[in-house]
Amino acid sequence: MTHIGELRILVPVDVSGMESPPLDVLDHLGAVEVVLLGYFPVPDQAEPALLRDQYGPKATDRLDAVADEHGDPDEVLVFTHDREATIDRIADEYDCDAVLTAGRSTVVDRVLVPLRGDVNLDRILAVVADLLLAGNETATLFHSVAEDADPTQGELLLMGAVDRLVEYGVDRDRVDWRLSEGGDPQTDIVELGAEYDLVVLGETEPSLRERIIGDVLSAIVDALEVPALIVRDVE
């Protein structure tokens with residue numbers, strides 16, 4: 001069910017190393033609720049409980065340090081054999097709308113929102129509306145149509161999405177749209193993403209596990225230098 005005004009995002013952080021993830025974006029997202037997931041990867045042949053006994057205090061300190069830097073969000077610490085399954089499980093348990101990937105953005109003024117069609121569209125627009133209502137960003141909705149496709153369908157999709165955001169209470173002046181004809185969607189998103197501070201992408205597989213391991217979306221996220229907010233498809 002789509003809801004507005006209750007955006008909650010999950011932020012996974014590897015607490016097995018000393019390096020802090022680039023999460024500056026958290027300080028610029030406005031009044032959104034954050035759940036910080038500290039995960040400690042456990043080799044297949046090892047027992048999570050044994051590593052927790054050995055590294056638990058250090059992992060807790062590292063997670064606390066990240067939380068202290070970013071507004072003291074809720075924290076969850078997990079020692080796991082399977083990072084993706086853990087992200088999926090914790091996102092379910094905490095009813096998170098989206099998962100944030102780390103990336104460098106010292107401001108969040110411009111948000112890119114690629115739309116691939118009707119898949120997951122309601123949830124993507126609800127998250128974007130929550131994001132814009134919680135902060136001061138502007139958003140560009142983007143869609144790419146194939147060379148032999150009718151571009152008017154893409155225009156209708158984008159204009160309809162803008163109208164939905166306005167119905168949610170977003171000022172129309174804060175939203176525009178761009179249509180690409182005949183380009184490669186993956187390349188277009190990566191190249192356009194460099195002009196923005198945050199990219200909002202929609203999960204299309206039934207679980208984050210498939211999304212992260214999967215090909216197209218995973219390749220886009222890996223290629224982006226800015227953080228990405230992956231909207232979950234849990235309907």
Side-chain angles (χ1 to χ4, degrees), residues 7 9-14 17 19-30 32 34-37 39 66 70 83-84 87-88 91 96-117 119-121 123-132 134-145 154 158 161 174-180 183-205 207-233:
L7 179 57
I9 63 174
L10 183 71
V11 182
V13 176
D14 185 346
E19 186 176 353
S20 296
L23 293 175
D24 318 71
V25 64
L26 288 178
D27 304 328
H28 306 281
L29 289 183
V32 303
V34 174
V35 177
L36 195 60
L37 166 62
Y39 64 90
V66 175
H70 301 290
R83 169 183 177 271
E84 286 75 24
I87 292 173
D88 208 7
C96 293
D97 303 288
V99 177
L100 181 74
T101 67
R104 292 290 179 192
S105 274
T106 56
V107 296
V108 181
D109 292 331
R110 304 185 68 206
V111 179
L112 178 67
V113 187
L115 300 175
R116 283 168 288 181
V119 178
N120 203 16
L121 183 61
R123 291 185 61 85
I124 293 172
L125 294 178
V127 166
V128 172
D130 274 338
L131 192 65
L132 297 184
N136 300 305
E137 306 91 343
T138 60
T140 298
L141 310 183
F142 172 77
H143 182 65
S144 178
V145 296
L158 291 166
R174 295 174 63 190
V175 185
D176 62 7
W177 57 269
R178 294 179 62 168
L179 182 71
S180 173
D184 174 66
Q186 183 173 336
T187 300
D188 288 344
I189 292 170
V190 172
E191 290 181 352
L192 263 180
E195 303 174 13
Y196 291 80
D197 307 309
L198 176 70
V199 177
V200 177
L201 295 161
E203 174 195 22
T204 56
E205 299 291 343
S207 73
L208 284 166
R209 183 178 187 179
E210 294 297 328
R211 172 190 63 74
I212 291 173
I213 297 175
D215 45 9
V216 176
L217 192 52
S218 180
I220 292 173
V221 170
D222 289 344
L224 290 171
E225 295 184 0
V226 297
L229 193 61
I230 313 299
V231 179
R232 305 179 67 219
D233 184 7

Apply side-chain contact (heavy atoms from CB on, under 4.5 Å) to residues L112 and F142 and explain how you reach the verdict. CA-CA 7 Å; L112 178 67; F142 172 77; 3.9 Å; yes
Distance-only, no hydrogens or angles: does the R174 side chain make a donor-acceptor pair with backbone N or O of A139 under 3.5 Å? no
Within the side chain of R232, is there an N or O that forms a donor-acceptor pair under 3.5 Å with the backbone of C96? yes
Measure the OH-OG1 distance between Y196 and T138 for me, rounded to the nearest 0.5 Å.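 Atom-to-atom, Y196:OH and T138:OG1 are 7.5 Å apart.
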Working to the nearest 0.5 Å, report the span between CD1 of I124 and CZ of R116. 6.5 Å
Any [X] side-chain heavy atom under 4.5 Å of [Y] side chain:
X	Y	answer
V13	L23	yes
R83	I87	yes
D197	V25	no
V111	V128	no

Minimum-distance pair of heavy atoms, taken over all atoms of [X] and [Y]:
X	Y	result
L141	A161	CD1-CB, 3.5 Å
P227	T101	CB-O, 3.2 Å
V66	L36	CG1-CD2, 3.8 Å
V108	E137	O-CG, 3.1 Å

Is R178 paired with E191 through a side-chain N to carboxylate O contact shorter than 4.0 Å?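 No, no charged N to carboxylate O under 4.0 Å.
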Using the side-chain contact (heavy atoms from CB on, under 4.5 Å) definition, which of the options D97, V35, L29, V99 pairs with I9?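 By the side-chain contact (heavy atoms from CB on, under 4.5 Å) criterion, I9 pairs with just one of D97, V35, L29, V99: L29.
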Which residue is it: V32, L10, L198? I am looking for the one with a side-chain contact (heavy atoms from CB on, under 4.5 Å) to L100. L198
Can L158 and L115 be said to form a side-chain contact (heavy atoms from CB on, under 4.5 Å), step by step? CA-CA 8 Å; L158 291 166; L115 300 175; 4.2 Å; yes
Run the numbers on I230 and L201 for side-chain contact (heavy atoms from CB on, under 4.5 Å), then give the verdict. CA-CA 5 Å; I230 313 299; L201 295 161; 4.0 Å; yes
Chi angles and distances behind the side-chain contact (heavy atoms from CB on, under 4.5 Å) call for V145, L179: CA-CA 8 Å; V145 296; L179 182 71; 4.0 Å; yes
